[in-house]
Each structure stands twice: as C-alpha cells, then as structure tokens.
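First listed ligand is number 1; within each ligand, the first listed atom is number 1.
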Amino acid sequence: MDPERLGVRDSDFVRGGLAIGIAILAIIVLFPGIGYKGGLVNNKKTFELSWSHAKRRFQSGARELITAAFNQNDGKHKDAFYMVTDNGVEMIIHPKYANEIRNDERFSISAYNEQSFHGRIPGFEMFKENIVEEQLFINAVRSRLTRSLGKLLGPISEEVTSALRQHWTDKWHRISLHSTVLPVIAQQSSRVFLGEELCHNADWLRITVNHTVSFFMAVEALRVWPKILRPLAAKFSPMCKNLRAEIEEARRIITPILENRRAQRQAHSKYAASTKPDDLIEWLEETADGRSYDAAGAQLKISVAAIHTTSDLLTQTLFNIADNPALIRDLRRETMSTVGTHGWKKATLYNMKLMDSVLKETQRLKPISIGTMVRVTLDDVTLSDGLRVPRGTKTLVSCHNMWDKGVYDNADQFDGYRFYELRKLPGQENSSQLVSTSPNHFAFGHGLHACPGRFFAAAEVKITLCHILLKYDIRLVGERPNVIEHGVAQYANAWGQIEIKRREEEIAL
Ligand code: HEM
C-alpha cells in the first residue's frame, strides 16, 4: 500500500525514526544496565555519557570491584553478575560453578578468543575459530610435548646454562628481573618448539619475546573502535601494522627451516626415529599427517601462550623468595638431593616438592589473571541451581577462592611451605601439586581447556630455578615489588629489580 495514500510522507518516517532512535539512546544512556539481569556492578555514574570511565575503573580496580560485588550485603550478586570490562560486558561467575561448567562444551573458549582478540581480522588470525587447527595444535602440546618431556630436560638445562651466562653476570649488581628472565625462557622454549638452530637466532628470540606484547597492544588499540569499524581501523592502526610486519618477519625466518625439514622427510623415506629432531615442528607435522595447517602461525601462537606466562611465574617466584634466606637454603638442599642424585629425569622434578609448593603458592596469590576459564555460551544455559546464562554471554570464573580465608589458613600470607605440608595429608597428595587444577586453585584454568602446556611450564621453571639457586646469590632491592594489576590481569612487576652475584655451585648442572 502506498504510504502517500494513507497520508504518511517520507518526512514523517524520518521524524518518527529519529524520535525512536533518540528514545532508545536515552534509555541506553540513562539505564545502561538494562538487559543484564541484576544490572551492571560497575555502571556509568551520573553525567558519564560514555563507558570509558567504567572501563577505567575496571582496569585499575577489578579485584576490589569483584570482591565487593560477591560480598554485597543483599546477596544480590553472590552467584554471578555482569560487569563492564575492557572487553565489553562480561558475566563474572562464582568459583562454586567451576566444576559444573568445566567440561560443558556450550561454554566455548575458541568463540571467546575469536571475539575478544579480533580473530577474523588480518594479523589476528591465530585466534580465528578453526576447530581442525586448534585440535591439531592442542594435541601436539598435550600429548606429544608432555610425553617427550623426559628427553627434553637435558637440552632445556643446556639452554638455561647458555642463556644465564649471557644475561646474568658475575659480581653483585642490580638486574631488571623480568627483562633478563624473558630471554632465558625464550631460548629454552625455542629449543623445544623449533630446535637447536633457531633457539640461538637473535632475530627469532627477539620476535618470540616481543610478539605477545605487540599482539596485546594491537588488540587493545582496536578495542576502542566500534566492532563494525575495526577491520578498517586495523588497516591503518600503527600497532596493527607493526603486528603484521612482525608476523611477516617471523614467517621469513621460520619458513626455510620448515621447508628444509619437509624436504628431508620426503628425501629420506626412513626419516630415522633416532636422528629425527624432537621438537614442536615435528610433532605438528606428525599430528597433522598431511592435512594442511599454518605451521609458522602455530609457532607464533605458542610463543604467545608460553613465553610471557612462564617468565611471569618465574619472576614473581624470585621476588617472593629473594628476601627469605631460610627458604632459599631449603630449596638449594632439595635441588642438590634431587638433581644431584638422579640427574634430569621426570622423577627428579616430581621430587622437588618444596619448589613445587613455592611455585603453586606464588600462583595462588598472583595468578596471571583473577578471572579464569574465559568462555562464550553457544546456547542458553541454566545451571543446576537455576542460574541462567543467556546465549552469547562472555563468561569468566572468579579466582577469589585462591585467597579466601575460609579455604586457606593465613590466606593473605605467602607461605612457601604451604602446599609441601598439604601434600603430606591423605587425600591431598595430588591436588596440592603445581599442575593440579581445582576450584580452589585454578591458575592454569580447569577442565577441558585447562592449560595443556602446564607440565612443560613447570619443568622449565623448575630447571631454571635450580640453576639460579645454585649459581647465584640473590637479594631484593628494597621492598618486594608490587604486582601490576590491569583489569583481571596480574603481572609480576616488570620494573622490579633484584641484586645477584655468581656463587660456586655445589654440583654441576
Ligand atoms: C606458567 C605458565 C602458564 C600459565 C600460568 C598458563 C595459564 C593458562 C590458562 C589460565 C589457560 C586457560 C585455561 C582454561 O581456560 O581453563 C591456558 C590455556 C592454554 N595454554 Fe597455558 N599457561 C602457561 C604456560 C603455557 C605453555 C608453556 C604452553 C605451551 C607449551 C601453554 C599453552 C596453552 C594452550 C595451547 C592453551 C589453550 C588450551 C585450550 O584452548 O584448550 N601454556 N593457559
């Protein structure tokens, strides 16, 4: 029917549309929590027109905001609540639900990663949902890397010796801890991911360390744009250009090595098990079994997952023990009795029970994030007690059980012996180990997607700590450096320094 015949003109449509648009805008501005059951815990305040203030409050005080919301007197947010984060609105869920959702595939980690890290935009493809490549990648880490650990401990130790010689020096002097730990972890990880040749390549080591930072800076740079404009913004953003340039450089370095390996495999039909390199390049090739995948992209992805997370744990651990000579003495004794007696074997690492405890305690007080198990719901979900999580919700589980007085004695104190003692109690032998995950300690996540690299990370950190403890005296410069908080992320202080001096090691490592 012709609108003119009804007496309705185009200008009426425009005016009507405009009025509805303004009304919707006013509702959104005045009642921004609308649509989120229970509202947003960090809503805009009066006269705040944009979300930037709420986001800033989240970035600088997420821990307090989350604690306050769960403990609110009326109990309104005791199970879950919505919050404005630097990644849009997310639902923060109480850890009591962790076991229920840990294996529920309606909670998707890959959908979360793709949405949060712009996986469909060039330069960010490592987080594009691709079930085949993801499975390939995770299986190579979960089964091949973890199964090969025993054979890798010696080579890792060799690289630690070489990297410490290069980055840590002899007389008492100050070092910036985080920046000197990073290349040590990068070198040993690269030996396992890419083999001997590339783990000494200065350009690759630079990229493998820098790429995580470039990646997350570019992620944040794009987040300030509305979603629809992000692909365009990515074309011009200097951070995104830098990210793409780094990826290209990485490909130029890695591709000849990959091609050479493939050529060797084809030329020697019996690519002998004894001479074949034992590294991630091979495990990915074998797991792929002829299927095509992005081998260079997988190496960059593992750099992002592995290098900074592991360096962060080692850095924070050293800050925690540097002012505790008694603990250092006990750790040295343990190192001598384990490595000194059995050498680098899996059982040796298992028997470093005090070191394991110190690392787990470090993570308890400072996990890499205070919200874990990040997911997007693929369906409307109703949990067993009736908590509703609508489809498309970004969720994360709060880690606050890890410093809850009801769960741990003296929960706010660092006690390096805590898990060592707990491990002696019947029923707690396994759950008190660094690599175990539970709703009371999930610094490595929990369930289906719990970090598959945690066994490797534990091995790297333990081996490096053994070298540092036996070869160096360490002491804090002033107070223990504070943890850097940025939203839910918690970083060991990148500016923190310690003093070190070379000592004579009691046993050769
Ligand atoms: C101390 C070091 C590390 C920490 C604290 C850490 C932490 C985490 C966390 C919290 C998750 C998410 C788990 C979940 O959502 O349930 C995760 C996932 C993952 N981590 Fe780690 N990680 C570390 C080292 C590593 C290393 C060394 C590797 C590789 C060798 C690695 C590879 C991965 C991968 C591939 C995933 C994704 C798993 C999936 O999607 O199913 N991580 N990590």
Requested in this report: Count the heavy atoms of every other residue, nucleotide or ligand shown that sit under 6.0 Å from OH of Y420, and state whether that count exceeds 12.
Outcome: no
Report task. For residues 99-125, pull every pair meeting ring pair (Phe, Tyr, Trp, His ring centres under 6.0 Å), keeping only residues two or more places apart or in separate chains. Result -> F117-F127, F117-F216, H118-F124, F124-F215
Query raised in the report: Strictly under 6.0 Å, is that where the ring centroids of F193 and F456 end up?
Result: yes
Ligand 1: which protein N/O atoms lie under 3.5 Å from its N/O atoms?
from     : atom 1 : to   : atom 2 : distance (Å)
ligand 1 : 15 (O) : R375 : NH1    : 2.9
ligand 1 : 15 (O) : R375 : NH2    : 3.4
ligand 1 : 16 (O) : R375 : NH2    : 3.2
ligand 1 : 16 (O) : H446 : N      : 3.1
ligand 1 : 41 (O) : H449 : ND1    : 2.7

**Report entry** Residues in ring pair (Phe, Tyr, Trp, His ring centres under 6.0 Å) contact with H94, at least two apart in sequence or another chain
**Finding:** F70, H400
Requested in this report: Could you give me the CA-CA distance, side-chain angles and deciding distance for R144 and D279, then say whether salt bridge (charged side-chain N to carboxylate O under 4.0 Å, His left out) is met?
Outcome: CA-CA 9 Å; R144 299 302 304 274; D279 56 32; over 6 Å; no
**Report entry** By salt bridge (charged side-chain N to carboxylate O under 4.0 Å, His left out) - contacts of E220 (at least two apart)
**Finding:** none
